[in-house]
Amino acid sequence: YVRFVLDTTINVQSYGKHILAIEAVYKGRVIAKDKVVFYVDKHEVTLTFLSPRDGQVIIGNKVKVAVLATDRYAVNFATNPAAFAKIFVDGNFVVRVPFKPYVKPGMVYIPEYNTKIATATIKVLPGKHVITVVATDVNGRSLSKASVTITVIPEISIPTTSIEQS
């Protein structure tokens with residue numbers, strides 16, 4: 001039994017799938033070999049708001065936030081690094097929600113797609129606000145962020161009157 005540790009850095013210049021193959025050779029014969037498949041993706045995850053829309057006026061204090069995280073160079077859903085969406089209102093942290101597979105309405109989910117969705121309903125006071133979503137990986141590292149500006153106005157209840165006849 002021989003234990004051998006290889007500690008080196010490989011400088012990979014191109015994106016996509018790569019295979020690192022290793023062979024142990026003793027007296028001219030290959031005595032062991034193995035390979036590791038890995039992917040290089042240095043592109044930023046793109047965030048797209050589905051809701052709310054930038055400049056939208058919202059009646060009431062509940063705002064549905066839905067954001068897509070797309071990594072156009074990810075090989076599939078599993079290699080898209082976006083794990084969580086941190087939602088902020090006016091720079092103040094509100095909630096962290098997980099990204100899940102995104103399926104367009106009427107479509108069947110295909111695991112090779114590289115887009116994820118995160119949704120949450122948050123309460124927001126009346127006024128003009130900036131909602132920011134930061135996509136993070138499983139270790140909490142920031143991958144990308146996007147913001148929209150909304151205006152929230154309170155619900156107005158219309159009083160009802162009745163006329164009684166005497």
Side-chain angles (χ1 to χ4, degrees), residues 7-20 35-160:
D7 184 10
T8 188
T9 301
I10 300 170
N11 187 4
V12 179
Q13 296 296 319
S14 61
Y15 300 111
K17 179 179 178 180
H18 298 276
I19 300 171
L20 175 62
K35 66 180 178 179
V36 174
V37 177
F38 65 96
Y39 299 88
V40 174
D41 178 6
K42 297 179 182 176
H43 292 88
E44 191 173 87
V45 171
T46 303
L47 292 177
T48 306
F49 273 89
L50 294 179
S51 68
R53 294 180 315 279
D54 194 34
Q56 184 174 353
V57 175
I58 296 169
I59 299 171
N61 66 347
K62 292 183 182 174
V63 178
K64 181 177 181 182
V65 177
V67 66
L68 296 179
T70 303
D71 183 347
R72 65 188 182 112
Y73 292 96
V75 177
N76 56 38
F77 171 82
T79 60
N80 178 337
F84 297 99
K86 289 182 176 178
I87 300 173
F88 298 82
V89 175
D90 301 328
N92 298 306
F93 175 75
V94 177
V95 68
R96 182 183 95 154
V97 293
F99 278 102
K100 297 182 259 185
Y102 174 63
V103 182
K104 288 182 182 178
M107 286 184 63
V108 175
Y109 171 66
I110 301 171
E112 287 76 27
Y113 285 5
N114 56 7
T115 300
K116 298 177 179 182
I117 188 169
T119 60
T121 300
I122 60 175
K123 288 187 176 185
V124 180
L125 295 172
K128 193 170 187 173
H129 301 282
V130 176
I131 296 178
T132 302
V133 173
V134 176
T136 65
D137 64 12
V138 293
N139 296 312
R141 290 183 295 248
S142 177
L143 302 171
S144 185
K145 75 177 184 176
S147 298
V148 293
T149 301
I150 61 167
T151 301
V152 176
I153 59 175
E155 280 188 273
I156 301 170
S157 56
I158 300 172
T160 57

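Computed from a prediction, not measured in an experiment: that's the story for all the values here.
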What do the steps show when you test Ile117 against Leu68 for side chain to side chain contact (heavy atoms under 4.5 Å, CB included), and what is the final call? CA-CA 5 Å; Ile117 188 169; Leu68 296 179; 3.8 Å; yes
Do the side chains of Ile87 and Ile131 get nearer than 4.5 Å, heavy atoms only?
-> yes
Taking every heavy atom of Phe99 against every heavy atom of Ala69, the minimum-distance pair comes out as CE2-CB, 3.5 Å
Hits for side chain to side chain donor-acceptor pair (under 3.5 Å) against Thr132, two or more places apart or cross-chain, chain-then-number order -> Ser147
With the side chain counted from C-beta on, respond yes when Lys100 and Lys116 share a heavy-atom pair under 4.5 Å apart, and no when they do not. no
For Val94, the side chain to side chain contact (heavy atoms under 4.5 Å, CB included) test, sequence neighbours excluded, returns Val89, Ile122
* Asked: Would you call Phe49 and Val65 a side-chain contact if the rule is heavy atoms closer than 4.5 Å?
  -> yes
Taken in chain and number order and not counting sequence neighbours, the residues that satisfy side chain to side chain donor-acceptor pair (under 3.5 Å) with Asp90 are His129
Sequence neighbours excluded, the answer for ring-ring contact (aromatic ring centres under 6.0 Å, His included) partners of Phe88 is Phe93
Ser142 meets the side chain to side chain contact (heavy atoms under 4.5 Å, CB included) criterion, sequence neighbours left out, with Val134
Can you give the donor-acceptor pairs under 3.5 Å from side chains of residues 51-60 to other protein atoms, not counting sequence neighbours?
from: Ser51; atom 1: OG; to: Lys64; atom 2: O; distance (Å): 3.0
from: Asp54; atom 1: OD1; to: Thr149; atom 2: N; distance (Å): 2.7
from: Gln56; atom 1: OE1; to: Arg53; atom 2: N; distance (Å): 2.8

Nearest heavy-atom contact between Pro126 and Pro154 is CB-CD, 3.9 Å
### Query
Can you find a heavy atom in the side chain of Thr119 that is under 4.5 Å from one in the side chain of Val97?
no
* Worked verdict on Val152 versus Leu125 for side chain to side chain contact (heavy atoms under 4.5 Å, CB included) -> CA-CA 7 Å; Val152 176; Leu125 295 172; over 6 Å; no
